[in-house]
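The structure is given below, and queries will be raised subsequently.
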Amino acid sequence: MTFAAAIVAGEPSGDLLAARMLRGLQSHDPQVKAMGIGGPAMARAGFEAWHPMDALSVFGYVDALRQAPRLIRTWRDTRRRALEWRPDVFVGVDAPDFNLRLEEKLRAAGIPTVHFVGPSIWAWRFERIHQIRRAVSHMLVLFPFEVDLYREQGVPVTYVGHPLAELIPVRPDRAAARARLGLEPGGRVLALMPGSRESEIRLLAPRFLQAAQILLGQDPDLRVIVPVVNQHRRAQFEAILAQYPVPGCQVLTALPTAGQGAEAAAAGQRADGLDTSEWPIAWHAMEAADAVLVASGTATLEAALFKRPLVISYVITPWMRRIMAWKSGQDAPSLPWVGLPNILEREFVVPELLQEAATPQALAEHTWAALTDADLAARITKRFTTLHETLSRDTPGLAARAILETSRGHA
């Protein structure tokens, strides 16, 4: 009998995770039937969407409130379809606010549930573990330290590694990346990454650009590159750049087309066999850079996997801080670190400048060290290479086996 899986992924990172997981399932059963909510990567893997992934896209608490009626309709329709179809398993990929509630209903109705990407209860909202126990038949986690946490709370769990560790090269090629971007091979290059959300760019870009102005005073030949996710964020960033000009600053949404970069036509060809043709522009920028000044988030882990010295920063408004405290019941995270590299290493391997500490001068001082300290760069390379090896697993295969075993355990 063909294996049937209902899957819900709510954002681009989840779409990529789910697509790889689905291909792992297909290696066991090429005729796998998969339906639910997903994006283009899942569609390319043969997934049938009841609703597009954009149906779950919200940006911040205000947008979530505004979109609540649509989200509720989508949730109810997905629950109805899953209960009528009764698949062998339901897999919720991240999106915990949507998926945990859905998983709770489906598991109560006898459908085994797997949640892929453990919610960060180790930092915020640990009380969520009670809902997770009710909702989740099996948890798949990306980080090794999460295994003991969930196991101690009575939640079956499997560490499947982080897929980024398979997609990012263990030995980055800075020269090749600069060629793809049309950059000169010599000289210092700084990647500025003030986030992908409107609020992040609004709050961080002015500070990052002022820090870059200070750095250019120390090294007039410094090249500053800024990868942005789309044209909307590019327009927003360039409006801020006009207020805080940085000579020679290069804003990137894609690789140069053939003829614009010295080796642009060679994009996607690497000695290590990895295909860069579908890389996000941020990865090309990080591989090309000597250092990265970056907003806290997944990009900090990406920079670590590219073995780059990085400086992590984040700023939220007082109003947003109050909302987060109200929603989580906490004034601050449970851990002393916010950046994923530091959380995984359990110490401040790279600096974190948050809120009032994120002044242009402080950002510039720490970033200058990241750009110029050769011993620091060597230590970072060694430390993050070991981290890369720890996170590198056969994620699709491990996830697929855990999902199949969970389904059989409820047969």
Side-chain angles (χ1 to χ4, degrees), residues 5-27 32 34-59 90-96 98-99 114-120 139-143 158-170 193 195-197 227-230 233 253-255 267-268 270 273-287 294 297-306 340 388 391-403:
I7 306 172
V8 170
E11 56 186 46
S13 60
D15 179 41
L16 294 174
L17 275 176
R20 293 174 63 76
M21 173 197 73
L22 183 52
R23 294 197 184 281
L25 288 171
Q26 289 166 340
S27 69
V32 165
M35 297 190 288
I37 298 176
M42 295 166 69
R44 289 192 292 271
F47 180 79
E48 180 183 331
W50 295 332
H51 300 278
M53 184 176 64
D54 292 348
L56 304 189
S57 297
V58 294
F59 299 95
F90 173 87
V91 185
V93 184
D94 211 354
F98 188 96
N99 277 326
V114 175
H115 193 87
F116 193 2
V117 184
S120 52
M139 180 69 76
L140 305 180
V141 296
L142 305 183
F143 303 123
T158 298
Y159 169 55
V160 298
H162 203 297
L164 288 175
E166 298 177 72
L167 301 175
I168 291 174
V170 175
M193 299 181 60
S196 59
R197 297 175 176 173
V228 292
V229 295
N230 56 42
R233 297 286 78 84
T253 53
L255 287 174
R270 295 176 60 98
L274 283 175
D275 181 7
T276 67
S277 61
E278 293 190 8
W279 276 15
I281 188 62
W283 290 14
H284 297 285
M286 284 187 273
E287 189 173 35
V294 59
T298 303
T300 64
L301 178 60
E302 294 169 343
L305 292 175
F306 275 107
L340 282 170
H388 200 142
L391 295 178
S392 183
R393 296 289 184 272
D394 175 18
T395 302
L398 290 170
R401 281 195 289 276
I403 289 166

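Heavy atoms only: backbone and side chains are in, while hydrogens, waters and symmetry mates are out. Heads up: numbering here begins at 1 and tracks the sequence.
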In Å, rounded to the nearest 0.5 Å, how long is the span from CG of L398 to OG1 of T158?
->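 Answer for the CG-OG1 pair, L398 versus T158, is 8.0 Å.
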Mind listing the closest non-hydrogen atom pair of L16 and A41 along with its distance?
->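 Shortest heavy-atom contact: CD2-CB, 3.9 Å.
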What closest approach, in Å, do P119 and M139 show between heavy atoms, and which atom pair accounts for it?
->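 Minimum heavy-atom separation between P119 and M139: CD-CE, 3.8 Å.
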Find out whether D15 and F47 are in side-chain contact, i.e. whether some heavy atom of one side chain is under 4.5 Å from a heavy atom of the other.
->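 D15 does not reach F47 side chain to side chain.
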Passing candidate, side-chain contact (heavy atoms from CB on, under 4.5 Å) with F90, options I7, V8, I403, V114 |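 Testing each of I7, V8, I403, V114 against F90, the sole residue satisfying side-chain contact (heavy atoms from CB on, under 4.5 Å) is V8.
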Say you draw a straight line from CE of M286 to CE of M193; how long is it, rounded to the nearest 0.5 Å?
->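 That separation rounds to 4.0 Å.
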Is there a donor-acceptor contact under 3.5 Å from the side chain of D94 to the main chain of A9?
->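 Answer holds: no.
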Are the side chains of L164 and T298 in touch, meaning some heavy atoms are under 4.5 Å apart?
->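 Yes - at least one pair of side-chain heavy atoms lies under 4.5 Å apart.
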Give the intermediate values and the outcome of side chain to side chain contact (heavy atoms under 4.5 Å, CB included) for residues L167 and R20.
-> CA-CA 11 Å; L167 301 175; R20 293 174 63 76; 3.7 Å; yes
Would you say L391 and L301 make side-chain contact, with heavy atoms under 4.5 Å?
->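 L391 vs L301: side chains touch.
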Which heavy-atom pair separates V93 from G14 by the least distance, and what is that distance?
->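 Nearest pair, atom of V93 first, then G14: CG1-O, 3.6 Å.
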So, the side chain of H388 versus the backbone of A165: is there a donor-acceptor pair under 3.5 Å, distance only?
->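 Indeed, once roles are kept as given, a pair shorter than 3.5 Å links the two residues.
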Using atom types as modelled and distance alone, determine if a side-chain donor or acceptor of S392 lies under 3.5 Å from a backbone N or O of E166.
->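 Judged by distance alone, no pair lies under 3.5 Å.
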List in chain and number order the residues that pass side-chain contact (heavy atoms from CB on, under 4.5 Å) with T253, two or more places apart in sequence or in another chain; answer none if no residue qualifies.
->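 Here the qualifying residues are V228, Q231, R234.
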In Å, rounded to the nearest 0.5 Å, how long is the span from OG1 of T395 to CG of L142?
->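 Answer rounded to 0.5 Å: 7.5 Å.
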Between I281 and P227, what is the shortest heavy-atom contact and its length?
->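 Taking every non-hydrogen atom into account, CG2-CB, 3.9 Å.
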Specify the closest pair of heavy atoms between L140 and A399, including all atoms of both residues, with the distance to one decimal.
->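 Answer, listing the atom of L140 first, then A399: CD1-CB, 3.9 Å.
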Is the W283 ring parallel, tilted or perpendicular to the F306 ring (thresholds 30°, 60°)?
->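 The arrangement is perpendicular - the two ring planes meet at more than 60°.
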Please list, chain by chain and in numerical order, all residues satisfying side chain to side chain donor-acceptor pair (under 3.5 Å) with R23, sequence neighbours excluded.
->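 In terms of side chain to side chain donor-acceptor pair (under 3.5 Å), with neighbours along the sequence ignored, R23 is linked to no residue.
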Rounded distance (nearest 0.5 Å) linking atom NE2 of H115 with atom CG of N99 =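 Going from the NE2 atom of H115 to the CG atom of N99 covers 6.0 Å.
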Just by modelled atom types, is the A45 backbone N or O under 3.5 Å from a matching donor or acceptor in the Q26 side chain?
->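 Between the backbone of A45 and the side chain of Q26 there is a qualifying donor-acceptor contact (under 3.5 Å).
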To the nearest 0.5 Å, tell me how far L305 CG sits from E287 CD.
->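 Interatomic distance, L305 CG to E287 CD, rounded to 0.5 Å: 12.0 Å.
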Out of curiosity, W279 CH2 to I168 CD1, how far, rounded to the nearest 0.5 Å?
->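 Those atoms lie 7.0 Å apart.
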